[in-house]
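Notes to accompany the following structure.
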Number of protein chains: 2
Amino acid sequence: MKVTISDVARLAGVSTATVSHTINNTRYVSDETKERVYQAIRELGYTPDASARSFRTGKKQTVGFIVPDISNKFFGTMIEAVENYLSEHGYHLIIANTKEDADREETSLRLLTAGLVDGILVASTMEDFNRFDATIPAGFPVVLVDRTFEAKKYSSVCVSNFQPIYRSVCRLSGKGAQRIGIVGGLPRLSSTKERISAYQEAVEDCGLPQEESLVLYGDSMENSVQSCLDDLLAQKCDAIVVCQGLMASETIIYLHQKGLQLARDIDLVSFVDYDSNFYELYSSQMDCIVQPVEELGRAAGEQILSRIENPDAPIFEKVLTSAYRPYDSPNTWNGKKA
Amino acid sequence: MKVTISDVARLAGVSTATVSHTINNTRYVSDETKERVYQAIRELGYTPDASARSFRTGKKQTVGFIVPDISNKFFGTMIEAVENYLSEHGYHLIIANTKEDADREETSLRLLTAGLVDGILVASTMEDFNRFDATIPAGFPVVLVDRTFEAKKYSSVCVSNFQPIYRSVCRLSGKGAQRIGIVGGLPRLSSTKERISAYQEAVEDCGLPQEESLVLYGDSMENSVQSCLDDLLAQKCDAIVVCQGLMASETIIYLHQKGLQLARDIDLVSFVDYDSNFYELYSSQMDCIVQPVEELGRAAGEQILSRIENPDAPIFEKVLTSAYRPYDSPNTWNGKKA
DNA sequence: CTGAAAGCGCTTACAG
DNA sequence: CTGAAAGCGCTTACAG
């Protein structure tokens, strides 16, 4: 049946302690004994049972990542970067998808924190911090990713949302835009709130109309952008800010279908999913805000492993900055000239 | 510290067996006893330790998925579908990325099969079946996804590769194409081989030139398509078949940059990533082969769970069919008229 | 330099 | 209807 450490010990004529120590290099074992142990391992085809080991040591060598939408390229790329960092450090990655559903998130949080993983990364879709907080066992290593909460109880790795939006609105204004509309993501998310308030401050500072009707919200996941656009176009907007990559591509397609040409008929600025081929075609006709997704993933990996090492370390908040690429400055997209 | 089942048993005044049985509904417990147990659980805030449980039972309730490229939308969507199916059935998903590297794949296979997961799904990048086979412990539940091997030792869930390519070549020929070039993915993959031979048979059957120089291979991951296209264009191809979604979008961009217009200057047919916004813009100018990615993921989930239930079941090969959408027939992309 | 043995937190025959 | 106890496969003080 299953070959265990005792089988190896017996065949090698040593104790299980010695087998364990030679495998893990955790105390001195004479070369001769080592050789006997390895010989026995080879003969029996022994592989240590990861499940028993992690049960015994309490270390799972696994982290969980709770994601709102796996198939979204933004998160797909982040998952890749996280997995890359973790596997380099001997950790595994468990993925859970919430589809922006708080109940699913809560379930995943409970399951994962109940002895399945050493720590979790979460891009939370919850509005209520207390609900989130109540679901996490005390002291459990957590790093918030991309989205954070007002209450600064957990470490986080996010992207600067305010500055690029503020700047792009100012720039649109400087180019003569009269009415700038904005399509935000899910209103409850911290990222959305930051982006919307950047827009609102900028619009005010630039002396542009601050009408509530110019601020619309799309669902980050479904095809809900079209009605927002119809609404903004009916309001005679000459520039539109879109707060999220998936919605941006829908926007481009929809404007295209309506016969509107970017840069000529209407100005568009949008968060854009890093490295997406889609935008390469349009980077000369719109302002792109490119988020450092891979660094975000890598930083998330770093943070969670360091918290697992040292769960009582002070809260750490990392904010990465997005690149702002206006379309009529020399195109440096991906370092290539268009 | 940690609250264990013994703490609960002590507080409730019952045995650990009874606590276990009431939690798991695995033998009769009187209502009164149940109540005492649940009361104790609430009081202590007890959560069963998943690690101990899975060690004890030998069931991890987890499957591994070894993927060549997570950030590729094709696999991202598949991961989502798999995760969806698994979580519905109480399973977790561990993801490992190989970046089309056989060594990484081998490492992941070893790690995952050593007691971490109950079964694995793998879109293998290995050329050598024996190497793959030697890495899998005897009887370990495995389902191959998207890519298979000549030797039919493992169950698989794939997509029909031959028919759509054969048909599209015939159709190009029928429209008058004289020289059709093809850009395949990694030559070692079963999917690539099937697609290339479909092309070759069709080209022969249609009486078109069967020159070796018309068959080129791109790396599925890097930006290696451009040189292939330059080559084919220099050979005066009037139609090009591209075998993979990522390469297809690069192709569109590159042809666009060269000032070539699809459908007018050159005909393009390509496998396309399901649901990608990118193609929505081009579905009226090129032939699209749309793979049923979500069904693929769902079927993969079904197959691996049923193999875990019943590891000795006969090998099962499932082949899903892709949709072929020529561009000048009425556009039914996503059910919408363009 | 190495071994005997406890114990991680559960589940599950076995027994009554 | 429920309990006492073995045992899953490791790691790790403790002891010599």
Side-chain angles (χ1 to χ4, degrees), chain A residues 1-41 44-62 90 111 113-118 137 140, chain B residues 1-41 44-62 90 111 113-118 137 140:
Chain A
M1 301 256 53
K2 194 165 195 352
V3 179
T4 74
I5 199 172
S6 313
D7 299 322
V8 174
R10 200 174 311 118
L11 181 60
V14 299
S15 69
T16 62
T18 296
V19 176
S20 175
H21 286 301
T22 83
I23 288 172
N24 299 307
N25 243 308
T26 175
R27 85 175 176 195
Y28 183 91
V29 178
S30 75
D31 285 350
E32 183 201 15
T33 309
K34 261 188 199 159
E35 200 28 68
R36 286 220 313 285
V37 169
Y38 282 126
Q39 175 58 30
I41 286 176
L44 297 170
Y46 169 68
T47 318
D49 182 82
S51 177
R53 178 182 287 174
S54 70
F55 165 57
R56 176 54 231 245
T57 60
K59 306 272 308 121
K60 280 77 189 165
Q61 297 288 106
T62 302
L111 287 172
T113 56
L116 255 190
V117 299
D118 300 314
F140 197 89
Chain B
M1 303 258 51
K2 192 161 196 355
V3 180
T4 73
I5 200 172
S6 312
D7 300 322
V8 174
R10 200 173 311 118
L11 180 60
V14 298
S15 70
T16 62
T18 296
V19 177
S20 174
H21 286 301
T22 84
I23 287 172
N24 299 307
N25 245 307
T26 175
R27 84 175 175 195
Y28 184 91
V29 179
S30 74
D31 285 350
E32 183 200 15
T33 309
K34 261 186 198 160
E35 199 30 68
R36 286 220 312 284
V37 170
Y38 282 126
Q39 175 59 30
I41 286 174
L44 297 170
Y46 169 69
T47 317
D49 184 81
S51 178
R53 179 180 289 174
S54 70
F55 165 57
R56 178 52 232 245
T57 61
K59 306 273 307 123
K60 281 76 190 165
Q61 296 287 107
T62 303
L111 288 172
T113 55
L116 254 190
V117 299
D118 300 313
F140 198 89

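Chain letters run A, B, ... following the sequence lines, proteins first, then strands; residues in each count from 1.
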Counting Watson-Crick and G-U wobble pairs with both distances under 3.5 Å, what is the dot-bracket string for DNA chain D, 5' to 3', using [ ] for crossing pairs and | for pairs to another strand?
|||.||||||||.|||
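The CZ atom of B/R10 sits 15 Å away from the C1' atom of C/dC10 (whole-angstrom rounding). With rounding to whole Å, B/I41 atom CD1 is found 14 Å from C/dG9 atom C1'. Rounded to a whole Å, the CZ atom of B/F55 is 8 Å from the P atom of D/dC8. Between the C1' atom of C/dC8 and the CG atom of B/D7 lies a distance of 13 Å, rounded to the nearest Å.
Remark: A/R10 engages A/D7 in a side chain to side chain donor-acceptor pair (under 3.5 Å) (not counting sequence neighbours). For A/T33, the side chain to side chain donor-acceptor pair (under 3.5 Å) partners two or more places apart in sequence, or in a different chain, are A/S30. Qualifying side chain to side chain donor-acceptor pair (under 3.5 Å) partners for B/T57, counting only residues two or more places apart in sequence or in other chains: none.
Smallest separation of non-hydrogen atoms from A/F55 and B/A52: CE1-CB, 3.3 Å. Listed here is the closest heavy atom pair of A/S54 and A/K60: CB-CA, 3.9 Å. Closest heavy-atom contact between A/V37 and A/V14: CG2-CG2, 4.1 Å. Looking at every heavy atom in both residues, B/T47 comes nearest to A/A114 through CG2-CB, 3.7 Å.
Proximity of a side-chain donor or acceptor of B/Q61 to a complementary backbone N or O of B/G90 within less than 3.5 Å is detected. The backbone N or O of A/N24 sits nowhere less than 3.5 Å from a side-chain atom of A/T26 that would complete a donor-acceptor pair.
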Pair A/T18-A/R27, side-chain contact (heavy atoms from CB on, under 4.5 Å): steps then yes or no:
CA-CA 9 Å; A/T18 296; A/R27 85 175 176 195; 4.2 Å; yes
Going 5' to 3' through nucleotides 11-16 of chain D and flagging B where a protein heavy-atom sits under 4.0 Å of the base, S where only the sugar-phosphate is that close, and - otherwise, we get BB-B--
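Position along DNA chain C of the nearest nucleotide to B/P48 versus A/V29 favours A/V29 as the more 5'-ward residue.
Looking at residues 31-38 of chain B, you'll see B/T33 sit with a heavy atom under 4.0 Å from some atom of DNA chain D.
Applying the 4.0 Å criterion to OP1 and OP2 of C/dG3, one finds that A/S15 has a side-chain N or O inside that range.
Note that CZ of B/R53 and CG of A/L116 are 10.5 Å apart. Values are rounded to the nearest 0.5 Å.
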